[in-house]
Amino acid sequence: MNIRRRTRSRNGPRRRLCADAEEVVAAAAELGLPCAVKSQVLRGGRGKAGLVRLVKSGDEARAYGSELLGGALGAAHGVRKVLVEEAVSIDRELYLSITVDPQAATALILACADGGVEIEELARTAPEKIIRERVDIDAGLMPFQARNVAHALGLEGKLSASFVTLLSGLWKTFRDKDAELVEVNPLFVTKADEKGERALVAGDGKLVIDDNSAFRQGGAEPSREYFDSDVAYEAAKEGIPYLQFDGDISLMCAGAGLTTVVYDLVNYEGGSVANYLEFGGPNYKKAVRAMALCLVNDPKVILIVTFGTIARADVMADGIAEAIAALKPRCPIVACIRGTGEEQAVETLKAAGLEPLYDTEEAVRKAVALAKAGGRA
Amino acid sequence: MSIFIDRSDRVLVQGITGGEGSFWTKHMMDLGTRVVAGVTPGKEGQVVEGAPVYHSIRRAVTENPANAAMLFVPPRFTKDAVFEALDSGIGKIVTIADGIPLQDAIQIRKAALSQGARVVGGNTSGVISPGLAMMGMFPYWIDRVYKPGRVGVMTRSGSLTNEVTAMIVRAGFGVSSLIGVGGDPVPGTRFAEMLPDYQADPDTDAVVVIGELGGTMEEEVAEAMLSGSFTKPVVAFLGGRTAPAGKRMGHAGAIVSGGKGSVKDKIEAFEKAGALVADRPRMVGELLRTAFGRTLNR
């Protein structure tokens, strides 16, 4: 799971957080019109999804506020709060982030003079426009590097200086928060004011904290909004890797690599996956919980494939037998459990009424055939 | 000859007194690995499977020189443990830890490279030369999986390795040396960095690469083949062909990002370089037969 939080800049435009349409109207009146109304949801591409809009009148603020807070649009995207912000007079939009370059094993600054779009899209369509600056994680961001990025973005004079300050702050956040990604997008360059001054304003921000650092980043709990379904959220809270799909076969497998391949094989055979679930690694004693999560999807078949070393086959088989006794699943279960203690596992599965298989591809074919027949053995 | 580990290596086990540490130390020894000492802070004076335990590596190596370190240490302490091994000049380090903080992994790799040391892992089962020695956790006693032979294996996944290696053996082959580089986005050692060892190894005739979506490690192997620096036959098997874009399938490193790392790209790169690409585990064995046939016909 990723834990995402929206960042709040200290020097950004004035803003109010609102929970209903009347609050939106009041905030708009206070901040002055036009103003921006932004849905507070943990996803990118909000503008494209119609979740951010500039409103020009009180009526418009009320109408859009109602759509987002209580209306269908908001409900579809799980909007619970909106941020009303004074409008910024925008000259241009930049992209700026710090992430990790896995191949070079360094930190990497990504910037682009064309902001407001998703960086993945830009990497595909116009890779030459992306400014890249690698940063040594021990030495840290050097001022010359920040200046180089500023120049490449076409920022001069005071703007360049404030960019260097901004980027240095982002670097500190990247390191202090064990971030996988810290991103400001769009980063606005305002139009010149009456004194001819321009400023940098963070239009939106994203912070993705590395899950593996949770132990030293205290207090970061996964939030429901980030997950596709209640089951996915429940699984995440227990540390069970889970992905929600909408097909027929629930995968209850062990090991990331093997589960991914079983997912592929189900698709090759013309089947469809209801959910991806791993109960290997530290979760190999959680068969009962794992099966309960699968059953929420009312799958036509549960497909269990493992080949564990530390995640012992006999222990997993005991758990599966216990899960069958406790949960009494109505759908058939196809099991292919191998690895440490597999002889004992086979006996346990037989005693639980299953026909253990030894070959992954055979197990997948059987599961797909059962699903196509409607899920009754 | 084998790659990375053989019976002449003097292995020190960090975290030897823990449940996994002591269990796998016994198995490493049973297979023939020379474990000379263990380290667990606060546990000096104990003996595990005949290996004396010390508070620190510095104290252990004064009496028991070691050139390799096997870490059974939790992810949050892994950086400290790796740096401790590097500090004593240990050049081969394997860490199984699943969940090393990303920024720690960057510092670990950088420190190892700067000393000319090699760190394998984390998030791996380790390294094994069946019949000879291992650093890590492999069910080598299941002989339909870990049979000695002449096929090298490099892998990002533990569970999938058992699956695919069983297919290699079923097709009548065995394994020379298997290196699990692990499933993390920033592994201590990348696939391509092991290729010179496989190239030089007279006991390896071909290499099976078990990869998956995400990252660029598979593409780097293809580049080495194209440049002519690696010339033995390669059979590749890749997980995540049908994975939806943007979803992280299991391993932290298994995500398509920045438009890079799709399985389609990897297959294209491998095929262009002359590797044989299996789309199912069973096909790995069949393609090895083809690969060996092609070598013999040359």
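Only heavy atoms go into these numbers, but all of them, side chains included; no hydrogens, no water, no symmetry mates. We name chains A, B, ... by the order of the sequence lines, and we start the count at 1 in each one. Everything numeric here is computed off the predicted structure, so don't read it as measured data.
- Proximity to chain A (any heavy atom under 4.5 Å) is restricted, for B:Leu238, to the backbone atoms N, CA, C and O.
- Checking side-chain atoms of B:Thr165 against main-chain N and O of B:Asn162 turns up no donor-acceptor pair under 3.5 Å.
- The parts of A:Phe174 that come within reach of chain B are both its backbone and its side chain, each placing non-hydrogen atoms under 4.5 angstrom from that chain.
- Interface remark: A:Glu343 contributes no atoms to any contact with chain B (heavy atom separation under 4.5 Å).
- Using modelled atom types, one side-chain atom of A:Lys286 and one backbone atom of A:Glu238 make a donor-acceptor pair closer than 3.5 Å.
- With respect to chain A, the highest number of heavy-atom pairs below 4.5 Å among B:Pro187, B:Pro281, B:Pro75, B:Ser125 belongs to B:Pro281.
- Among B:Met167, B:Arg109, B:Arg76, the residue with the largest count of heavy-atom pairs under 4.5 Å with chain A is B:Arg76.
- Under a 3.5 Å cut-off, the side chain of A:Thr340 and the backbone N or O of A:Arg312 do not form any donor-acceptor pair.
- By number of non-hydrogen pairs under 4.5 angstrom with chain A, the leading residue of B:Asp279, B:Val186, B:Leu102, B:Asp104 is B:Leu102.
- Proximity to chain B is limited to the backbone of A:Thr106, based on heavy atoms less than 4.5 angstrom apart.
- At least one side-chain heavy atom of B:Met137 sits under 4.5 Å from a side-chain heavy atom of B:Phe72.
- Between chain A and the options B:Ile100, B:Asp98, B:Thr161, B:Val164, the largest number of non-hydrogen pairs under 4.5 Å is found for B:Ile100.
- Residues A:Arg338 and B:Arg144 form a side-chain contact, since some pair of their non-hydrogen atoms from C-beta on lies under 4.5 Å apart.
- Interatomic distance, B:Trp24 CH2 to B:Met70 CE, rounded to the nearest 0.5 Å: 10.0 Å.
- Contact of the B:Lys147 side chain with the B:Val175 side chain is not registered, since no non-hydrogen atoms from C-beta on lie closer than 4.5 Å.
- Only the backbone of B:Phe138 comes within contact range of chain A, with heavy atoms under 4.5 Å apart.
- If you measure heavy-atom distances from A:Glu361 to chain B, the contacts under 4.5 Å come from the side chain alone.
- Annotation: A:Tyr284 is not in aromatic contact with A:Phe279 [ring centroid separation under 6.0 Å not met].
- When A:Val273, A:Val266, A:Val261, A:Thr99 are compared by the number of non-hydrogen pairs under 4.5 Å with chain B, A:Val261 comes out ahead.
- For A:Arg175, the parts lying under 4.5 angstrom from a heavy atom of chain B are both the backbone and the side chain.
- In terms of non-hydrogen atom pairs under 4.5 Å with chain B, the most contact-rich of A:Ala107, A:Ala179, A:Pro127 is A:Ala179.
- Among the candidates A:Leu110, A:Thr306, A:Val262, A:Asp136, the residue making the largest number of heavy-atom pairs closer than 4.5 Å to chain B is A:Asp136.
- Heavy atoms of A:Asp178 lying under 4.5 Å from chain B belong to its backbone as well as its side chain.
- A donor-acceptor distance shorter than 3.5 angstrom exists from the side chain of B:Ser159 to the backbone of A:Leu258, with no hydrogens or angles considered.
- Taken to the nearest 0.5 Å, the CZ atom of B:Arg282 stands 4.5 Å off from the CG atom of A:Asp359.
- Contact annotation: the side chain of B:Met28 approaches that of B:Val13 to within less than 4.5 Å [non-hydrogen atoms, C-beta and beyond].
- For B:Arg190, the part lying near chain A is the side chain, with the backbone staying farther off; criterion is any non-hydrogen pair under 4.5 Å.
- Both the backbone and the side chain of A:Asp264 come within less than 4.5 Å of a heavy atom of chain B.
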